[in-house]
Amino acid sequence: MAEGQLASADGTTTIGETPLDRARAKAYRRLLPLVFISYVIAYVDRSNVAIAKLTMTRDLAGFDNAVIGFGAGVFFIGYFLLEIPGTLLVERWSARKWIARIMITWGIVAGLTAAVKTPNQFYVLRFLLGLAEAGFYPGVIVYLTHWFASRDRARALAYFFVATPVAQIISPKISNLLIKIGTDETIGGVTVHHPQVLGLVGWQWIYIAWGIPAVILGLLVLIGLTDRPQQARWLAPDERDALLAELEKEKGAAAAAHKMSLLDGLRHPRVLLLCVVYFLAVTGSYGVEFFMPSILRDWYSLEFDALTWLVILPPLLAVIGQLGVGWSSDRSKERWFHTAVPMAAAAVGLVIVIASRGNLALTVFGFMVSYAGFKAYLPAFWSLPSLFLGGTAAAGSIGFINSVGNLGGFMGPYVLGTVEKLTGSFMGGLVFLIVCMALGALLVFRMGLASRGLPR
């Protein structure tokens with residue numbers, strides 16, 4: 001072997017790379033694709049009601065925007081209950097086994113949603129779906145801290161979080177094909193009937209078709225994920241030792257600086273403020289995500305095909321924003337303002353939406369700006385707890401922030417659906433979401449100033 005070349009575990013050679021560099025690169029390639037794909041399916045199963053509702057409200061008696069909004073939000077009540085236990089299981093037991101359990105059960109429950117006949121049945125299954133999925137999102141965040149040191153963490157989180165806009169890009173067109181099953185469609189002035197499949201109609205197939213991959217991926221997670229570096233046979237011994245040394249050094253420094261119990265971490269003032277911030281941000285993002293298709297159809301009388309092309313555009317910009325903020329945050333080692341600025345941008349985007357009614361292109365542009373803000377803040381935001389917490393306190397606080405914050409996933413859809421039912425307009429609900437995002441951005445901005453000792 002030539003001087004300066006290093007052999008990797010798979011027999012290839014690299015030039016000028018340290019064992020730590022090779023270990024970091026392998027962790028990116030080995031772990032992130034699987035958790036990324038898993039989160040894509042998780043997000044689709046959570047949010048596909050936004051497309052399914054377009055015919056559910058027609059086919060099922062008693063279903064309207066208020067029912068759908070409440071049902072979409074009930075998911076987060078179940079989600080709330082198991083978040084902290086889930087993150088602690090990942091920290092103390094096995095991420096691989098816990099995430100596999102989550103995916104298999106949520107896939108089953110998601111598929112069962114196809115059988116609902118009444119609003120109460122819909123509420124129960126959405127609640128159970130929340131219970132089933134609880135712990136996945138914060139569990140993966142904690143899991144990635146087992147593999148990626150702080151210098152890589154925001155970027156690794158960005159690759160994980162970008163699954164949400166990717167899910168929103170790929171799912172509408174697939175769901176659009178499914179939702180046509182059992183319906184009549186006018187094409188070129190001719191009415192075309194799409195027959196039922198196995199006695200089921202489109203919205204039912206949306207739930208079934210997206211539930212099956214979750215079960216399959218759960219089995220793949222059980223086989224393919226590795227809990228911690230010391231168990232990774234795909235790392236060479238020198239790579240494993242180098243990665244463990246870096247992680248242990250950082251962990252030791254964090255433990256020395258932030259000696260806290262789990263309870264101390266949960267009641268830390270910054271943790272409580274981050275709970276409020278995340279609640280406000282999730283209220284805004286889920287309110288828009290669940291009702292953007294309905295808003296566009298209501299304002300512009302769009303057909304399914306045109307609608308599902310347009311709802312892809314906002315997530316496309318969100319992908320760029322999320323990866324860009326993750327890269328910039330790691331490069332600058334700054335987290336607070338990389339969180340606050342995107343949240344403020346989301347509020348500005350919704351202002352554009354409200355002001356643009358009657359101009360489809362400007363409305364879609366406003367949604368694009370807001371989506372970019374909704375997604376771009378996440379990598380920096382989830383790097384914040386590790387700035388002042390470590391170990392079990394950090395893991396528990398991540399679950400706590402996520403569980404409390406995700407109650408906003410109930411608030412946003414519920415407010416938009418209820419306001420639309422009472423007033424016949426989405427405008428009041430959108431104003432509420434603007435206030436939520438602006439207030440969240442202000443809180444983070446002030447916390448960032450305080451962390452630097454600057455006047456607020």
Side-chain angles (χ1 to χ4, degrees), residues 38 40-75 78 102-133 167-168 170-220 290-291 293-294 297 302-309 311-312 413 417:
S38 298
V40 168
I41 299 301
Y43 206 83
V44 173
D45 281 335
R46 179 190 304 185
S47 61
N48 57 18
V49 66
I51 299 296
K53 73 177 283 294
L54 298 176
T55 56
M56 282 182 72
T57 53
R58 181 196 64 195
D59 294 345
L60 298 178
F63 279 71
D64 55 24
N65 280 330
V67 168
I68 295 296
F70 184 79
V74 161
F75 168 94
I102 288 171
M103 298 191 68
I104 292 169
T105 54
W106 103 48
I108 293 170
V109 175
L112 288 174
T113 310
V116 301
K117 301 294 183 185
T118 68
N120 285 337
Q121 292 173 355
F122 180 59
Y123 300 154
V124 168
L125 279 174
R126 290 293 298 184
F127 175 78
L128 292 177
L129 184 65
L131 283 179
E133 195 185 317
Q168 292 164 330
I170 66 173
S171 68
K173 296 311 294 183
I174 297 174
S175 295
N176 180 51
L177 295 175
L178 294 170
I179 204 169
K180 294 179 180 180
I181 297 172
T183 67
D184 294 325
E185 182 182 19
T186 301
I187 303 176
V190 178
T191 300
V192 177
H193 177 69
H194 302 284
Q196 295 182 0
V197 176
L198 300 178
L200 302 175
V201 296
W203 65 265
Q204 293 173 303
W205 278 110
I206 287 176
Y207 292 119
I208 294 170
W210 287 110
I212 292 171
V215 177
I216 296 171
L217 280 168
L219 298 174
L220 292 177
F290 279 114
F291 280 96
S294 298
R297 191 175 69 162
L302 299 171
E303 297 296 330
F304 287 145
D305 285 339
L307 179 64
T308 50
W309 278 117
V311 298
I312 287 172

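Here, residue 1 is the first one in the sequence, and each next residue gets the next number. Just so you know, these numbers use all the heavy atoms, side chains as well, and skip hydrogens, waters and symmetry mates.
Evaluated for a side-chain contact (heavy atoms from CB on, under 4.5 Å) with Thr57, the options Asp64, Val67, Ile68 yield exactly one hit, Ile68.
In this structure the side chain of Val49 reaches within 4.5 angstrom of the side chain of Phe122, judged on heavy atoms. Between Ile174 and Trp210, the closest side-chain pair of non-hydrogen atoms falls below 4.5 Å.
The distance from the CG atom of Leu178 to the NE2 atom of His194 is 12.0 Å, given to the nearest 0.5 Å. One finds the CG atom of Leu217 at 4.5 Å from the CE atom of Met103 (value rounded to the nearest 0.5 Å). With values rounded to the nearest 0.5 angstrom, Ile179 atom CD1 is found 10.0 Å from Asn48 atom CG. In this structure, OG1 in Thr55 is found 6.5 Å from CD1 in Ile206, a value given to the nearest 0.5 Å. Note: Ile41 CD1 to Ile212 CD1 = 11.0 Å, rounded to the nearest 0.5 Å. Taking OG1 of Thr118 as the start and OH of Tyr123 as the end, the distance is 9.0 Å to the nearest 0.5 Å.
Nearest heavy atom pair, residue Ile181 against residue Val197, reads CG2-N, 3.7 Å. When every heavy atom of Pro172 is checked against every heavy atom of Ala167, the shortest pair comes out as CD-O, 4.1 Å. The two atoms that bring Ala110 and Gly211 nearest to each other are CB-CA, 4.2 Å, heavy atoms only. Smallest separation of non-hydrogen atoms from Gly111 and Ile208: O-CG1, 3.8 Å. Scanning all heavy atoms of the two residues, the minimum distance from Thr113 to Trp203 falls at O-CZ3, 3.8 Å. Between Thr183 and Arg58, the shortest heavy-atom distance links the atoms CG2-NH2, 3.5 Å.
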Test side-chain contact (heavy atoms from CB on, under 4.5 Å) applied to Lys53 and Phe290, step by step = CA-CA 9 Å; Lys53 73 177 283 294; Phe290 279 114; over 6 Å; no

Could you give me the CA-CA distance, side-chain angles and deciding distance for Phe70 and Arg126, then say whether side-chain contact (heavy atoms from CB on, under 4.5 Å) is met?
-> CA-CA 10 Å; Phe70 184 79; Arg126 290 293 298 184; over 6 Å; no

side-chain contact (heavy atoms from CB on, under 4.5 Å) between Tyr43 and Ser171, intermediate numbers included = CA-CA 10 Å; Tyr43 206 83; Ser171 68; over 6 Å; no

Steps toward side-chain contact (heavy atoms from CB on, under 4.5 Å) verdict (Leu125, Leu129) = CA-CA 6 Å; Leu125 279 174; Leu129 184 65; over 6 Å; no

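In this structure, Gln204 contributes its side chain and Ala114 its backbone to a donor-acceptor pair below 3.5 Å.
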